[in-house]
2 protein chains.
Amino acid sequence: MWMEIDLQSDVPIYTQLVDQLIEGIASEQLKPGDPLPSVRSLAADLGINLHTVNKAYQILKQDGFLQVHRKQGVVVQPGGMPGADAAFRAKLAKGIRPLAAEAAVRGMTEAEFAEQSAAVYRQLMSKGENAK
Amino acid sequence: MWMEIDLQSDVPIYTQLVDQLIEGIASEQLKPGDPLPSVRSLAADLGINLHTVNKAYQILKQDGFLQVHRKQGVVVQPGGMPGADAAFRAKLAKGIRPLAAEAAVRGMTEAEFAEQSAAVYRQLMSKGENAK
DNA sequence: CTCTCTGTTATATTCATTATATAACAGATA
DNA sequence: TATCTGTTATATAATGAATATAACAGAGAG
């Protein structure tokens, strides 16, 4: 599998899974309808517990990024991804806020901060350049 | 005091303190040399423990945003704030990354994401428009 | 000098979260 | 029937966050 987990990180394993799966969808390495490994097999692959994987899947299902079929397993949402609604924009602003504040204190201008944001976005997208 | 703490939030109290103090410095509501309340008085004001405030101060001192003098108390760094070094840029990228990924999945373009970042930065700065 | 303030350090305890280990259930399929 | 799937239910260990006390050393005020 193409996923990697850092057990020493301060960010929870299930969060790492959620983030990497979203990145996979964003970069189109994972396309709508693509199957995902079962909670048991992925857990075995990564050397972690079944419930940790399941927690990640549950969050992504709740947010509308994944669909679950009995026996068919887990699949990347085939019917269109959820949009950038008000709830997400609020979450986004809340996440950016402390980063923007520290950037400002450290002397980064608004333009530099915006460009840095764009650069991260760009680099993320380029990961699936040649759609696997 | 102008600080507010959300005890129900999932973000730790000491992190809320760190973030708000950095925001205060960014918006110039807190200027270099300005005195901060003692760990005991601020803790009493907010109805929290002394150690929680101390932990926030320690982090900000470690990062170079605050200075500590015996008896004089805590003071906003008067000798120039730390710059946007490589370590911070890495931390910044790591923080932006999951936000950019989800924004992309939800249909936001690179330009929209950059503008959103700029908007948060801008709004943050405007908080100390009329420098207190 | 004594009292009182400051940050600092040291323990101990409670609580929630994270991650684990088992176990079992219900639906789908070979 | 046997085996895979997600799902649910407990229980447990480990960690981090927050609290409660207590004590120490430096720096002033009286």
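For the numbers below, each heavy atom of this structure counts, side chains included, while hydrogens, waters and symmetry mates do not. Lettering follows sequence order; numbering is per chain, from 1.
Side-chain contact between A:Ile96 and A:Phe113: present, with at least one pair of heavy atoms (C-beta onward) separated by less than 4.5 Å. Side-chain contact check for B:Leu92 versus A:Met108: some heavy-atom pair is nearer than 4.5 Å. Within the 4.5 Å cutoff, the side chain of A:Val76 has heavy atoms near those of the A:Met81 side chain.
When the side-chain contact (heavy atoms from CB on, under 4.5 Å) test is applied to A:Met125, the partners found at least two apart in sequence or on another chain are A:Ala26, A:Tyr121, B:Ala104.
In this structure, A:His69 atom NE2 and C:dA26 atom C1' are separated by 17 Å, rounded to whole Å. Taking atom CD1 of A:Ile5 as the reference point, atom C1' of C:dA19 lies 13 Å away to the nearest angstrom. Separating the OH atom of A:Tyr14 from the C1' atom of C:dT20 is a distance of 15 Å, rounded to the nearest angstrom. One can place CG of B:Asn54 at 13 Å from P of C:dT6, the figure rounded to the nearest angstrom.
Remark on the helix from C:dC1-D:dG30 to C:dC25-D:dG6: inter-end axis angle 10°, axes from five-pair C1' superpositions, rounded to 10°.
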Distance-only donor-acceptor hits, side chain of residues 82-89 of chain B, under 3.5 Å, sequence neighbours excluded:
| unit_1 | atom_1 | unit_2 | atom_2 | d |
| --- | --- | --- | --- | --- |
| B:Asp85 | OD1 | B:Phe88 | N | 2.9 |
| B:Arg89 | NH1 | B:Ala84 | O | 3.3 |

Using atom types as modelled, flag every donor-acceptor pair under 3.5 Å from a side chain in residues 50-63 of chain A to any protein atom, sequence neighbours excluded.
| unit_1 | atom_1 | unit_2 | atom_2 | d |
| --- | --- | --- | --- | --- |
| A:His51 | ND1 | A:Asn49 | OD1 | 2.9 |
| A:Tyr57 | OH | A:Pro37 | O | 2.8 |

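Heavy atoms of other residues, nucleotides or ligands lying less than 6.0 angstrom from CD of B:Glu112 number more than 12.
Nearest to the side chain of A:Lys61, among D:dG6, D:dA17, D:dT7, sits D:dT7. Here the nucleotide nearest the side chain of A:Ser38, chosen from C:dT18, D:dA17, D:dT5, is D:dT5.
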Between protein and nucleotides 19-23 of chain D, what N or O pairs are separated by less than 3.5 Å?
| unit_1 | atom_1 | unit_2 | atom_2 | d |
| --- | --- | --- | --- | --- |
| D:dT19 | OP2 | B:Asn49 | N | 3.0 |
| D:dT19 | OP2 | B:Thr52 | OG1 | 2.7 |
| D:dT21 | O4 | B:His51 | NE2 | 3.1 |
| D:dA23 | N6 | B:Arg40 | NH2 | 3.3 |

Could you pull out the protein-nucleic contacts involving nucleotides 26-30 of chain D (nitrogen or oxygen on both sides, under 3.5 Å)?
none

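As judged by a 4.0 angstrom heavy-atom cut-off over every strand, B:Tyr57 is placed among residues making no nucleic acid contact.
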